[in-house]
**Q** 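What follows is a structure written as structure tokens; I'll ask about it next.
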Amino acid sequence: MSASIHLQLPDGSLRQVPRGTTVAEVAAGIGKGLAKAAVAGVVDGNVVETARPIQGDASLRILTAKDKEALDVLRHSAAHLLAMAVLDLFPGTDLGFGPATDEGFYYDFKTPQTLTEEDLPKIEARMKEIAAEGRPYARVALDRAGAKERLQGIGYELKIPHVDEIPEDEITFYDSGAFTDMCEGPHVPDTSWLANVKLLSVSGAYWRGDASGVPMQRIRGTAFFTAKDLEQHLHRLEEAKKRDHRRIGREMDLFSLQPEGPGFPFWHPRGMVVYNELTKLIREQLERRGYGEVRTPIVLSDELWKRSGHYDHFKDNMYFLEVDERSFAIKPMNCPGTCLVYGHRPRSYRELPVRMAEFSPLHRNELSGTLHGLLRVRLMAQDDAHVYCAPEDLQSEIADMIEMLQQVYPAIGFDPAEVIVKLATKPEKALGDPASWEKAEAALADALRAQGMAFEVNPGEGAFYGPKIEFHVTDALGRTWQCGTIQVDFSMPERFNLSYVGQDGQHHRPVMIHRAILGSFERLIGILIEHHAGRFPVWLAPVQATVLSITEAQGEYAVAVRDRLRAAGVRAEADIRGDKVGSKIRDAILERVPYQLVVGGREMESGQVAVRLLSGEDLGPMAIEDFLARIRHEIDERVA
RNA sequence: GCUGGAGUAGCUCAGUGGUAGAGCACCUCCUUGGUAAGGAGGAGGUCGCGGGUUCAAUCCCCGCCUCCAGCUCCA
């Protein structure tokens, strides 16, 4: 065995070092700055701590704070730091798991006493003390028996059975001072990297997510390399709180949620304006793209749901009722209804593809604990459609749907170029044979490739009847939300025995595509409220312009201006109360009205309005016609 | 559904074993004021619902409902 090995660095250069050289030593050999900045290394694709000796020829990348993977390492280490502090303060605590997440980290504990929010500052303070000590993380590798013995010795009961589930025969621990934890690693070199941590919440959880299992307490937190990044993140959390659609929705009088209808939103007149504008946007597209709109019943016989497969796969989420000794279900999806429409008469290949859109209300009995404003409801409507086509039309139909999505998203304020695309594949419990699933998954993947769209796979997340493409938008705070979805389904046409007569005079089975562009209107409106912080694009704003009189002398003029705007199709109000204009502007801002039209004696004289934007920008006086031209353009073009 | 927390005026929140308060919003009046809060007065509450303890419960106890933070699930 040669005493030296070759390491290939990201720039392609080779470096010869003695066998057993650590990542940290290589970094030091490259430069003093890198030695200090090295968080971890990537050896042949595996992330390892800087203290790891390299035993053979390998590729090596040194991770610094700039790398995405480095942040995960930091947060994972922060989770350990949290465990150290909790063990110090609450002896007798047993450890669950403590991973890094997209936003930070958490650790699950089984503590002798219940933890509360008040305990967090104490724990955080202890974490910072330990961080300041700069305790190194040392890796210890044991075999299975050794690992169990060690866990037993320190009293970590929960993790002992887990040892048998680890596929590798080498079980690793990381020690820092008196603390040790069984963990795959890697970690930052020492705890001094972890100064910028913040604990955010404590909540319930279960050992390995099993609701019948051991109850645990989860402490969540976040960590960053720099104080500035941490501050920015906390600021974003604050901002998200300010944008909470439940609060803004109430302030703008868009909708309400009431105990009489848990999870069933009440739409107020102003909320319905947004709802209807979005519907209008979609209907325009439907017309252009050769869709017909249908409306199928809300309540349908049990038999139908047994045939469609919902009874077997979606029953827990459905509402049932008994009428005249017959069982019915309230529909959670539109697909079976449209299948009945399709199958109601013979179909010819000449009329394919049959495209049916439907906006019916859908009820889904979601678990009470999952309800959340408009983002998770039990009553919603989707901009739903089902397309029945010949297999060979699949690609072009999907292409058309993607094009529609690309035309719709900019109007609601999302850049289609920034949409994240995922392909969700067959779940464990699914309808149909594996071969059609493969066919359907391939069809979706092909369609995406044909469109030149990059996508990642979301394994096991498909609908029970078929795989789906998910379109995720990124909002103003960098959060992502799934909106659009396209699903290919070979099963339901089979179950409903749907067919069309081909050119050859024979019966053929159509393929069914389920698709939604916006997703559900409820959820989308919730997302849009938060994305725009309630400041909707003008075309969507419940009130588009409000006329503010300066004194009561302009009251009549203000009302006349409002009526002139209304006649031109602008949603306008007039505020002719006896308040000062500053106070009226303040109210208009709180209502998020995009245009405030101030009318005083001068404007009344000249037949003008003084235009102020929601942003505070003052456009000065202009003729009513000029203002109308401006706002009509924004409305007609749906300027976002 | 599960774990933990909460529910007092439209909103944000004080408060007490002897049936309740503030600010904002609302209504009236005064003020006629030029781009984020002019002033005064008034009205408004079954203190989430049901039971219990007590001479007396908004307050203490039990059950339920709803909401919030998570778990899980998802449009």
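The sequence lines fix the lettering, A, B, ..., with proteins before strands; numbering per chain opens at 1.
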**Q** Take the protein atom CG of A:Asn317 and the nucleotide atom P of B:A75, then report the distance between them rounded to whole Å.
**A**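 These atoms are roughly 10 Å apart.
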**Q** Taking atom P in both B:C49 and B:A9, what distance in whole Å separates the two?
**A** 11 Å
**Q** Would you please indicate if the ring centroids of A:Tyr595 and A:Phe627 are separated by under 6.0 Å?
**A**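 Close enough - the centres of the two rings lie under 6.0 Å apart.
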**Q** Nearest-Å distance, NE2 (A:His363) to C1' (B:A75)?
**A**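 It works out to 15 Å between those atoms.
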**Q** Using the rule side chain to side chain donor-acceptor pair (under 3.5 Å), only one of A:Arg243, A:Arg236, A:His235 pairs with A:Glu239; which is it?
**A** A:Arg243
**Q** Figure out the NZ/C1' separation between A:Lys241 and B:A69, and round it to whole Å.
**A**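 Whole-Å distance recorded here is 11 Å.
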**Q** Which nucleotide sits closest to the side chain of A:Val598: B:G34, B:G70, B:G33?
**A**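 Given the options B:G34, B:G70, B:G33, the side chain of A:Val598 is closest to B:G34.
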**Q** Taking only the side-chain nitrogens and oxygens of A:His372, find out if one of them lies under 4.0 Å from OP1 or OP2 of B:G70.
**A**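 It does not, given that no N or O in the side chain of A:His372 lies less than 4.0 Å from OP1 or OP2 of B:G70.
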**Q** Step by step, work out the side-chain contact (heavy atoms from CB on, under 4.5 Å) result for A:Asp108 and A:Phe97.
**A** CA-CA 6 Å; A:Asp108 288 345; A:Phe97 292 122; 5.6 Å; no
**Q** Applying side chain to side chain contact (heavy atoms under 4.5 Å, CB included), can you list everything that pairs with A:Arg246, at least two apart in sequence or on another chain?
**A** A:Asp244, A:His372
**Q** Using the P atoms only, state how far B:C74 lies from B:G17, rounded to an integer number of Å.
**A** 49 Å
**Q** Quick one: are A:Ser201 and A:Tyr106 in side-chain contact, heavy atoms under 4.5 Å?
**A**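 No. Closest side-chain heavy atoms not under 4.5 Å.
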**Q** Rounded off to whole Å, could you give me the NE2-to-C1' distance for the A:His245 and B:C67 pair?
**A**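 Taking NE2 of A:His245 and C1' of B:C67, I get 13 Å after rounding.
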**Q** Which of the following nucleotides, B:A75, B:G1, B:G34, is nearest to the side chain of A:Val581?
**A** B:G34
**Q** Taking the same atom, C1', in B:U12 and in B:C68, what whole-Å distance lies between them?
**A** 16 Å
**Q** Respond yes when some side-chain nitrogen or oxygen of A:Ser583 is under 4.0 Å from OP1 or OP2 of B:G38, and no when none is.
**A**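 True: A:Ser583 side-chain N/O within range (under 4.0 Å) of B:G38 OP1/OP2.
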**Q** For A:Leu375 and A:Arg246, find the nucleotide of RNA chain B closest to each by heavy atoms; which residue's nucleotide sits nearer the 5' end?
**A**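 The 5'-side residue here is A:Arg246.
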**Q** Does B:A37 have OP1 or OP2 sitting under 4.0 Å from an N or O in the side chain of A:Arg577?
**A** no
**Q** If I take atom CD1 in residue A:Ile585 and atom P in nucleotide B:G38, what distance separates them, rounded to the nearest angstrom?
**A** 12 Å
**Q** I want to verify a distance call: between B:U66, B:C73, B:G33, whose nearest atom is closest to the A:Pro262 side chain?
**A**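 Selected nucleotide: B:U66.
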**Q** Mind checking if A:Arg515 touches a base, just sugar-phosphate, or nothing, with heavy atoms under 4.0 Å?
**A** nothing
**Q** Does OP1 or OP2 of B:C71 have a side-chain N or O of A:Arg218 closer than 4.0 Å?
**A** yes
**Q** What pattern of brackets, bars and dots sums up RNA chain B from 5' to 3', given Watson-Crick or G-U wobble pairs under 3.5 Å, [ ] for crossing pairs and | for another strand?
**A** (((((((..((((....[..)))).(((((.......))))).....(((((..]....))))))))))))....
**Q** Reckon A:Gly616 touches a base, only the sugar-phosphate, or nothing at all at heavy-atom distances under 4.0 Å?
**A** nothing
**Q** Kindly state which residues belonging to residues 548-559 of chain A come within less than 4.0 angstrom of RNA chain B, counting heavy atoms of the residue only, listed by number.
**A**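 Contacts with RNA chain B under 4.0 Å: A:Ile550, A:Thr551, A:Glu552.
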**Q** Please report the distance separating the P of B:G48 from the corresponding atom of B:C59, rounded so that it comes out in whole Å.
**A**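 These two P atoms come out 8 Å apart once rounded.
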**Q** What's the CZ-P distance between A:Arg523 and B:C73, to the nearest Å?
**A**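 Rounded to whole Å, this separation is 15 Å.
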**Q** Do you know the tightest heavy-atom contact between A:Ile589 and A:Arg612?
**A**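 Reported closest heavy-atom pair: CD1-NH1, 3.7 Å.
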**Q** Give a yes or no on whether the ring-centroid distance for A:Phe320 and A:Tyr311 is below 6.0 angstrom.
**A** yes
**Q** So, A:Tyr388 and A:Thr338: side-chain donor and acceptor under 3.5 Å apart, yes or no?
**A**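 Yes, A:Thr338 and A:Tyr388 have a side-chain donor paired with an acceptor closer than 3.5 Å.
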**Q** If you pin A:Arg612 and A:Arg378 to their nearest nucleotides in RNA chain B, which one's is more 5'?
**A**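 Going by which nucleotide is closer to the 5' end, it is A:Arg378.
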**Q** The side chain of A:Arg376 lies closest to which of these nucleotides: B:C74, B:G38, B:A36?
**A** B:C74
**Q** Go through the steps for A:Val377 and A:Leu371 under the test side-chain contact (heavy atoms from CB on, under 4.5 Å), then give the verdict.
**A** CA-CA 6 Å; A:Val377 295; A:Leu371 302 178; 5.7 Å; no
**Q** If you check the A:Asp618 side chain, which of B:C68, B:U72, B:U35 turns out closest?
**A**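 Among the listed nucleotides, the one closest to the side chain of A:Asp618 is B:U35.
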**Q** Between B:U3 and B:G21, how far apart are the P atoms? Round to whole Å, please.
**A** 39 Å
**Q** Check whether any side-chain N or O of A:Lys468 sits under 4.0 Å from OP1 or OP2 of B:A75, and answer yes or no.
**A**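 For B:A75, OP1 or OP2 has a side-chain N or O of A:Lys468 closer than 4.0 Å.
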**Q** Starting from P on B:G38, measure out to NZ on A:Lys580 and report it in whole angstrom.
**A** 6 Å
**Q** Determine the Euclidean distance between corresponding C1' atoms of B:G34 and B:U58; express it in Å to zero decimal places.
**A**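 Approximately 49 Å lies between the C1' atom of B:U58 and that of B:G34.
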**Q** Say we look at B:A14 and B:C24: how far apart would their C1' atoms be, to the nearest angstrom?
**A**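 The answer is 15 Å between these two C1' atoms.
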**Q** Whether the side chain of A:Arg586 and the base of B:A37 hold a donor-acceptor pair under 3.5 Å is what I'd like checked.
**A** yes
**Q** For the ring pair A:Phe105 and A:Tyr107, is the centre-to-centre distance below 6.0 Å?
**A**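 No; A:Tyr107 has its ring centre 6.0 Å or more from that of A:Phe105.
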**Q** Report which part of the nucleic acid A:Gly582 touches: base, sugar-phosphate, or nothing (heavy-atom distance under 4.0 Å, all strands).
**A** sugar-phosphate
**Q** State whether the distance check finds a donor on one side and an acceptor on the other, under 3.5 Å, for side chain A:Glu603 versus base B:G34.
**A**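 When only heavy-atom distances are counted, A:Glu603 does reach the base of B:G34 through a donor-acceptor pair under 3.5 Å.
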**Q** Between atom CG in A:Leu120 and atom C1' in B:G4, what is the gap in whole Å?
**A**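 About 13 Å, once rounded to whole Å.
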**Q** Just to be sure I understand the rule, does A:Glu366 reach a base, reach only the sugar-phosphate, or reach nothing, if contact means heavy atoms closer than 4.0 Å?
**A** base
**Q** For the backbone of A:Gly104 and the side chain of A:Arg220, can you confirm whether one donor and one acceptor N or O come within less than 3.5 Å of each other?
**A** no
**Q** When the P atoms of B:C30 and B:G50 are considered, how many whole Å apart are they?
**A**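 My reading of the P atoms in B:C30 and B:G50 gives 45 Å.
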**Q** Going by atom types alone, do A:Asn334 and A:His386 pair a side-chain donor with an acceptor below 3.5 Å?
**A** no
**Q** Would you give the length of the straight line joining atom CZ of A:Arg364 to atom CZ of A:Arg378, rounded to the nearest 0.5 angstrom?
**A** 13.5 Å
**Q** Measure from the side-chain heavy atoms of A:Arg602 and tell me the nearest of B:C67, B:A69, B:G34.
**A** B:G34
**Q** From B:A69, B:G38, B:A75, pick the nucleotide closest to the side chain of A:Ser201?
**A**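 Nearest nucleotide to the side chain: B:A69.
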**Q** So what does A:Leu518 hit on the nucleic acid, given a heavy-atom distance under 4.0 Å: a base, only sugar-phosphate, or nothing?
**A**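 Answer is nothing: A:Leu518 stays at 4.0 Å or more from every strand.
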**Q** Would you kindly check whether a donor in the side chain of A:Ser520 faces an acceptor in the base of B:A75, or vice versa, at under 3.5 angstrom?
**A**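 Side chain to base: pair found, below 3.5 Å.
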